[in-house]
Amino acid sequence: MGSRGQVLKLFKLLHRTRQEVFKNDTRALEAARQKINEEFKNNQNETSAEKINELLKIASDVEVILRTSVIQAVHTDSDKILLVPRKDLLQDNTPYFDKPTKEHQS
(Lines give C-alpha, C1' and ligand atoms only; values in the text may rest on other atoms or scores of the structure.)
Protein backbone atom coordinates (compact mmCIF):
# COMPACT_ATOMS: atom_id res chain seq x y z
CA MET A 1 0.00 0.00 0.00
CA GLY A 2 1.34 3.45 -0.88
CA SER A 3 2.04 6.00 1.81
CA ARG A 4 -1.09 7.97 0.83
CA GLY A 5 -3.20 4.87 1.41
CA GLN A 6 -1.49 4.20 4.74
CA VAL A 7 -2.10 7.79 5.83
CA LEU A 8 -5.80 7.65 4.94
CA LYS A 9 -6.22 4.25 6.62
CA LEU A 10 -4.59 5.52 9.83
CA PHE A 11 -6.59 8.76 9.71
CA LYS A 12 -9.85 6.76 9.55
CA LEU A 13 -8.67 4.36 12.26
CA LEU A 14 -7.87 7.25 14.62
CA HIS A 15 -11.34 8.71 14.08
CA ARG A 16 -13.02 5.32 14.68
CA THR A 17 -10.98 4.85 17.85
CA ARG A 18 -11.85 8.37 19.00
CA GLN A 19 -15.57 7.64 18.52
CA GLU A 20 -15.32 4.46 20.57
CA VAL A 21 -13.08 5.78 23.35
CA PHE A 22 -14.94 9.06 23.91
CA LYS A 23 -18.46 7.73 23.29
CA ASN A 24 -21.20 10.02 24.70
CA ASP A 25 -18.66 12.74 25.59
CA THR A 26 -19.27 15.47 23.03
CA ARG A 27 -16.52 17.78 24.32
CA ALA A 28 -13.87 15.07 24.19
CA LEU A 29 -15.11 13.81 20.83
CA GLU A 30 -14.88 17.29 19.32
CA ALA A 31 -11.48 18.05 20.88
CA ALA A 32 -10.04 14.76 19.61
CA ARG A 33 -11.56 15.33 16.14
CA GLN A 34 -10.02 18.78 15.92
CA LYS A 35 -6.59 17.56 17.11
CA ILE A 36 -6.50 14.64 14.66
CA ASN A 37 -7.56 16.83 11.74
CA GLU A 38 -5.12 19.58 12.75
CA GLU A 39 -2.13 17.24 12.98
CA PHE A 40 -2.86 15.59 9.64
CA LYS A 41 -3.49 18.96 7.95
CA ASN A 42 -0.25 20.42 9.35
CA ASN A 43 1.71 17.58 7.77
CA GLN A 44 -0.24 17.07 4.53
CA ASN A 45 2.52 18.56 2.36
CA GLU A 46 5.31 16.41 3.82
CA THR A 47 7.28 14.70 1.05
CA SER A 48 10.13 13.02 2.93
CA ALA A 49 9.45 9.28 3.13
CA GLU A 50 11.46 9.06 6.34
CA LYS A 51 9.44 11.84 8.00
CA ILE A 52 6.14 10.36 6.75
CA ASN A 53 7.06 6.97 8.25
CA GLU A 54 7.97 8.65 11.53
CA LEU A 55 4.62 10.50 11.62
CA LEU A 56 2.75 7.29 10.78
CA LYS A 57 4.51 5.52 13.67
CA ILE A 58 3.54 8.33 16.06
CA ALA A 59 -0.08 8.26 14.89
CA SER A 60 -0.20 4.48 15.22
CA ASP A 61 1.21 4.67 18.75
CA VAL A 62 -1.38 7.30 19.69
CA GLU A 63 -4.17 5.05 18.41
CA VAL A 64 -2.89 2.12 20.51
CA ILE A 65 -2.60 4.29 23.63
CA LEU A 66 -6.12 5.66 23.17
CA ARG A 67 -7.56 2.19 22.62
CA THR A 68 -5.73 0.46 25.48
CA SER A 69 -5.24 3.11 28.17
CA VAL A 70 -8.10 5.61 28.18
CA ILE A 71 -11.24 5.06 30.23
CA GLN A 72 -14.13 7.44 30.75
CA ALA A 73 -15.04 8.86 34.14
CA VAL A 74 -18.23 10.66 35.13
CA HIS A 75 -18.65 12.95 38.13
CA THR A 76 -21.61 11.52 40.05
CA ASP A 77 -21.27 13.68 43.13
CA SER A 78 -19.00 16.44 44.36
CA ASP A 79 -16.54 13.85 45.69
CA LYS A 80 -17.34 10.76 43.59
CA ILE A 81 -16.32 9.65 40.13
CA LEU A 82 -17.82 6.70 38.28
CA LEU A 83 -15.39 4.91 35.96
CA VAL A 84 -16.89 3.60 32.74
CA PRO A 85 -14.41 1.11 31.24
CA ARG A 86 -15.07 -0.35 27.80
CA LYS A 87 -15.54 -4.12 27.64
CA ASP A 88 -12.39 -4.61 25.60
CA LEU A 89 -10.32 -3.08 28.43
CA LEU A 90 -11.60 -5.48 31.08
CA GLN A 91 -9.43 -8.50 31.71
CA ASP A 92 -9.81 -11.59 33.83
CA ASN A 93 -8.22 -11.09 37.19
CA THR A 94 -5.99 -13.80 38.62
CA PRO A 95 -6.41 -13.89 42.40
CA TYR A 96 -3.33 -13.47 44.53
CA PHE A 97 -2.72 -15.90 47.36
CA ASP A 98 -0.04 -15.01 49.91
CA LYS A 99 0.26 -18.64 51.03
CA PRO A 100 -1.22 -20.87 48.35
CA THR A 101 -2.95 -24.03 49.42
CA LYS A 102 -2.87 -27.16 47.30
CA GLU A 103 -6.20 -26.30 45.65
CA HIS A 104 -4.89 -22.82 44.63
CA GLN A 105 -1.57 -24.00 43.20
CA SER A 106 -1.21 -24.43 39.46
Side-chain angles (χ1 to χ4, degrees):
M1 181 184 301
S3 64
R4 182 172 173 81
Q6 287 177 307
V7 170
L8 290 173
K9 183 178 177 182
L10 193 52
F11 180 79
K12 289 178 182 180
L13 180 61
L14 277 166
H15 277 289
R16 275 189 245 113
T17 301
R18 153 190 86 83
Q19 290 172 334
E20 182 182 326
V21 169
F22 301 118
K23 191 180 207 172
N24 300 323
D25 186 344
T26 54
R27 285 176 41 191
L29 281 166
E30 181 60 21
R33 184 188 70 76
Q34 287 178 358
K35 186 64 174 171
I36 292 166
N37 291 346
E38 174 188 324
E39 290 297 325
F40 276 81
K41 187 175 182 179
N42 288 344
N43 294 294
Q44 72 181 357
N45 296 321
E46 185 60 57
T47 56
S48 165
E50 185 177 310
K51 179 69 173 173
I52 291 171
N53 287 334
E54 180 183 326
L55 291 167
L56 287 171
K57 174 72 170 115
I58 291 168
S60 179
D61 291 347
V62 167
E63 190 277 331
V64 169
I65 289 169
L66 281 173
R67 186 171 27 87
T68 60
S69 302
V70 176
I71 61 172
Q72 288 181 306
V74 180
H75 287 277
T76 59
D77 209 353
S78 63
D79 62 344
K80 293 184 183 178
I81 296 176
L82 174 67
L83 297 180
V84 187
R86 295 179 313 285
K87 289 186 181 195
D88 57 330
L89 287 180
L90 299 176
Q91 299 178 1
D92 289 335
N93 192 7
T94 305
Y96 172 77
F97 296 104
D98 194 31
K99 294 180 181 176
T101 61
K102 286 188 181 203
E103 62 190 56
H104 294 120
Q105 291 178 344
S106 300

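Computed from a prediction, not measured in an experiment: that's the story for all the values here.
Side-chain atoms of Asp25 come within 3.5 Å of backbone N or O of Ala28 as a donor-acceptor pair. Glu63 places no side-chain N or O within donor-acceptor distance of the main-chain N or O of Leu10, the cut-off being under 3.5 Å. Under a 3.5 Å cut-off, the side chain of Thr68 and the backbone N or O of Val64 do form a donor-acceptor pair. Judged by distance alone, with hydrogens and angles left aside, the side-chain atoms of Arg67 form no donor-acceptor pair with the main-chain N or O of Arg18 at under 3.5 Å.
Going from atom CD1 of Ile52 over to atom OG1 of Thr47 covers 6.5 Å, rounded to the nearest 0.5 Å. Here CG of Leu14 is found 10.0 Å from CG of Asn37. Values are rounded to the nearest 0.5 Å. Here the straight-line distance linking atom OG of Ser3 with atom CG of Leu55 works out to 11.0 Å at 0.5 Å rounding. For the atom pair CZ of Phe40 and NZ of Lys35, the computed distance is 12.0 Å after rounding to the nearest 0.5 Å. Distance CD/Glu30 to CZ/Arg27: 12.0 Å, rounded to 0.5 Å.
One finds no salt bridge joining Glu38 and Lys41 here, because no Lys/Arg side-chain nitrogen approaches an Asp/Glu carboxylate oxygen to under 4.0 Å.
In terms of heavy-atom proximity, Ile71 sits nearest to Arg86 at CA-NH1, 4.4 Å. Between Ala73 and Leu83 the shortest heavy-atom distance is CB-CD2, 3.7 Å. Val21 approaches Leu66 most closely through the heavy-atom pair CG2-O, 3.4 Å. Contact between Val70 and Phe22 at its shortest, heavy atoms only, is CG1-CE2, 4.0 Å.
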_Test log, rule side-chain contact (heavy atoms from CB on, under 4.5 Å), inputs Lys80 and His75_ = CA-CA 6 Å; Lys80 293 184 183 178; His75 287 277; over 6 Å; no
*For the pair Leu56 and Val7, evaluate side-chain contact (heavy atoms from CB on, under 4.5 Å) and give the outcome as yes or no after the intermediate values.*
CA-CA 7 Å; Leu56 287 171; Val7 170; 3.8 Å; yes
_Verdict with reasoning, Ile81 to Val74, per side-chain contact (heavy atoms from CB on, under 4.5 Å)_ = CA-CA 5 Å; Ile81 296 176; Val74 180; over 6 Å; no
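Residues passing the salt bridge (charged side-chain N to carboxylate O under 4.0 Å, His left out) test with Arg16, sequence neighbours excluded: none.
Counting heavy atoms from C-beta on, the side chains of Gln6 and Lys9 never come closer than 4.5 Å.
With hydrophobic clusters built from ILVMFWY side chains whose heavy atoms lie under 4.5 angstrom apart, Ile58 does not share a cluster with Leu8.
Crowding of Gln44 atom CD: a count of heavy atoms from other residues, nucleotides or ligands under 6.0 Å exceeding 12.
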